[in-house]
Amino acid sequence: MKKSIFISVILAALTFTLSAQRPIVQDIQAVAGNTNRINILWNLPSNPDKELSKLLVYRDLTPISSYSQLQSLNPIAELLPILTSYTDTVTDYKDYFYAVICVTDEPYDIIMMSINSTVTGAHIPSGFSTSAPQPEAKEEKLYPQGALREIPLPYLDYIDGLEKKYLVSEEVAKASKSLGLESKKQVARLPIHVFEEDLISPDGGDDFLLFEILKTTFIQKKYAEAIAELEKLTGTNISSQTRTRAYFYLGESLYMLGRYEKAIKTFVRVENVYPELSKQWIDNSLDQL
């Protein structure tokens with residue numbers, strides 16, 4: 001009995017030492033909901049030897065227990081290294097097992113059951129229909145001449161290749177400087193915001209170009225490099241949705257470097273698309289001036 005307890009203590013100490021020094025996620029869990037989705041949760045490694053560049057999520061029908069098994073699988077998702085969860089969508093009622101691998105300059109392909117690999121399988125409820133619901137046909141709403149829409153269509157007030165001055169923002173920014181001299185109260189800075197569509201690596205296209213810039217510069221807090229790359233990207237022929245998000249990240253990068261006035265002008269570009277979010281960053285930028 002004492003020998004068994006001693007061995008358990010040694011194994012626990014070894015596990016703690018490895019997980020504290022090596023880039024291994026911990027406490028992984030897979031929980032099925034009431035729909036066709038399975039939520040995978042984990043904790044990021046504390047003080048890893050090397051900085052993480054991304055996370056890889058793997059899935060199999062048997063417990064993932066070895067590196068050789070991992071080699072035969074393709075990751076189902078590539079995530080930014082700030083995430084601690086992923087939602088998997090399945091189309092059957094089988095038991096699924098998951099593993100999350102950290103990547104630094106190379107994948108750290110060590111498997112530790114119940115640490116970064118699930119021990120028990122997760123499956124969706126048998127009574128849930130896995131067939132996709134048919135979208136409802138929406139009748140086009142017509143507006144009489146002169147009537148306003150309830151929600152205006154998004155509109156970006158800029159012309160590619162031309163710099164436009166936002167006089168209102170400049171005036172507000174200048175006015176805020178004098179106000180800031182009268183008050184010494186420190187305003188908390190905002191944490192970075194990442195849009196949901198940029199959390200998972202896309203298959204390709206404009207979104208993939210933006211994802212790579214975020215992964216290699218913005219998430220790594222290399223904001224000067226992020227500004228240079230994002231300015232290049234916004235100057236290319238990309239979709240309006242990708243361009244809008246790129247401008248928002250550009251504003252965040254300027255904000256993080258303390259270039260608040262230029263950050264405000266950048267957020268103004270996208271305030272029609274992200275009104276509440278842009279207002280939050282504009283207001284905080286003004287408070288920082």
For the student: nearest non-hydrogen atoms of I38 and A122, plus distance:
CD1-O, 3.5 Å
Taking E212 first and then K215, would you say they form a salt bridge - that is, a charged N and a carboxylate O separated by under 4.0 Å?
yes
Kindly indicate whether the side chain of H193, heavy atoms from C-beta on, has any atom under 4.5 Å from the side chain of F248.
yes
Search all heavy atoms of T120 against all heavy atoms of F97 and return the closest pair with its distance.
C-CE2, 3.3 Å
Between R189 and M256, is there a donor-acceptor pair closer than 3.5 Å when you use the side chain of the first and the backbone of the second?
yes
Are the side chains of L79 and I200 in contact, using a 4.5 Å heavy-atom criterion?
yes
Between K279 and F267, is any pair of side-chain heavy atoms under 4.5 Å apart?
no
Could you tell me whether a side-chain N or O of S285 sits under 3.5 Å from a main-chain N or O of Y260, the two making a donor and an acceptor?
no
Answer yes or no: does atom CD of E276 have more than 12 heavy-atom neighbours from other residues, nucleotides or ligands under 6.0 Å?
no
Please report the interatomic distance CG(L214) to CG(D198), rounded to the nearest 0.5 Å.
5.5 Å
Any side-chain heavy atom of I24 within less than 4.5 Å of one from M112?
yes
Carefully, step by step, assess I219 and V194 under the rule side-chain contact (heavy atoms from CB on, under 4.5 Å).
CA-CA 9 Å; I219 298 301; V194 179; 4.0 Å; yes
In the single-linkage hydrophobic clustering (I, L, V, M, F, W, Y; side-chain heavy atoms under 4.5 Å), do L254 and I192 co-cluster?
yes
Common cluster, V103/I82, ILVMFWY with side-chain heavy-atom separation under 4.5 Å:
no
Cluster check Y96, V119: I/L/V/M/F/W/Y, side chain < 4.5 angstrom:
no
Inter-residue atom distance R243.CZ - L250.CG, 0.5 Å rounding
12.5 Å
Do Q220 and E225 have side chains that get closer than 4.5 Å, going by heavy atoms?
no
Step-by-step side chain to side chain donor-acceptor pair (under 3.5 Å) determination, Q288 to N284:
CA-CA 6 Å; Q288 300 296 339; N284 192 277; 3.1 Å; yes
Does any part of the side chain of V90, heavy atoms only, come nearer than 4.5 Å to the side chain of R59, both counted from C-beta?
yes
Identify the heavy atoms of L44 and P81 that sit nearest to each other, and give their distance.
CD1-O, 3.5 Å
Might you point out which heavy atoms bring M113 and T118 nearest each other, and give the distance in Å?
CE-O, 3.8 Å
For D105 and K50 the tightest heavy-atom approach is OD2-NZ, 3.1 Å
L41 and S85: side-chain contact (heavy atoms from CB on, under 4.5 Å), yes or no, with the steps?
CA-CA 4 Å; L41 311 170; S85 66; 3.6 Å; yes
In terms of hydrophobic clusters joined by side-chain contacts under 4.5 Å, are L80 and V100 together?
yes
Is a donor on one side and an acceptor on the other found under 3.5 Å between the side chain of W42 and the backbone of S117?
no
What is the distance from atom CG of N43 to atom CD of Q29, rounded to the nearest 0.5 Å?
8.5 Å
Heavy-atom donor-acceptor pair, D207 side chain to Q241 backbone, under 3.5 Å
no
Side-chain contact test, heavy atoms from C-beta onward, threshold under 4.5 Å: evaluate it for I227 versus L257 and give yes or no.
yes
Quick one: does any side-chain atom of D206 pair with a main-chain N or O of T242 as donor and acceptor, under 3.5 Å?
no
Run L55 and Y86 through side-chain contact (heavy atoms from CB on, under 4.5 Å) and show every step you take.
CA-CA 11 Å; L55 301 173; Y86 173 74; over 6 Å; no
Residues L210, Y249; criterion side-chain contact (heavy atoms from CB on, under 4.5 Å); working and verdict:
CA-CA 10 Å; L210 178 58; Y249 294 125; 4.1 Å; yes
Look at the aromatic rings of F208 and F211 and report parallel, tilted or perpendicular, splitting at 30° and 60°.
parallel
Please round to the nearest 0.5 Å and tell me the distance separating atom OH of Y93 and atom CD1 of I124.
5.5 Å
Please confirm whether the ring centroid of F195 lies under 6.0 Å from the ring centroid of Y274.
yes
Q69 side chain to P63 backbone, donor-acceptor under 3.5 Å
yes
Return the minimal non-hydrogen interatomic distance between A99 and I111, and the atom names on each side.
CB-CD1, 4.3 Å
Measuring from atom CD of Q26 to atom CD1 of I28, what distance do you get when rounded to the nearest 0.5 angstrom?
11.5 Å
Verify same cluster id: L199, L56 (apolar side-chain graph, 4.5 Å)
no
Quick one: pull up CG in L190 and CG in L277 and give me the separation to the nearest 0.5 Å.
9.0 Å
If the plane angle is over 60° it's perpendicular, under 30° parallel, otherwise tilted; pick one for Y255 and W281.
perpendicular
Are any of the side-chain heavy atoms of I264 and L289 separated by less than 4.5 Å?
yes
Would you confirm whether the ring centroid of Y98 sits within less than 6.0 angstrom of the ring centroid of Y58?
no
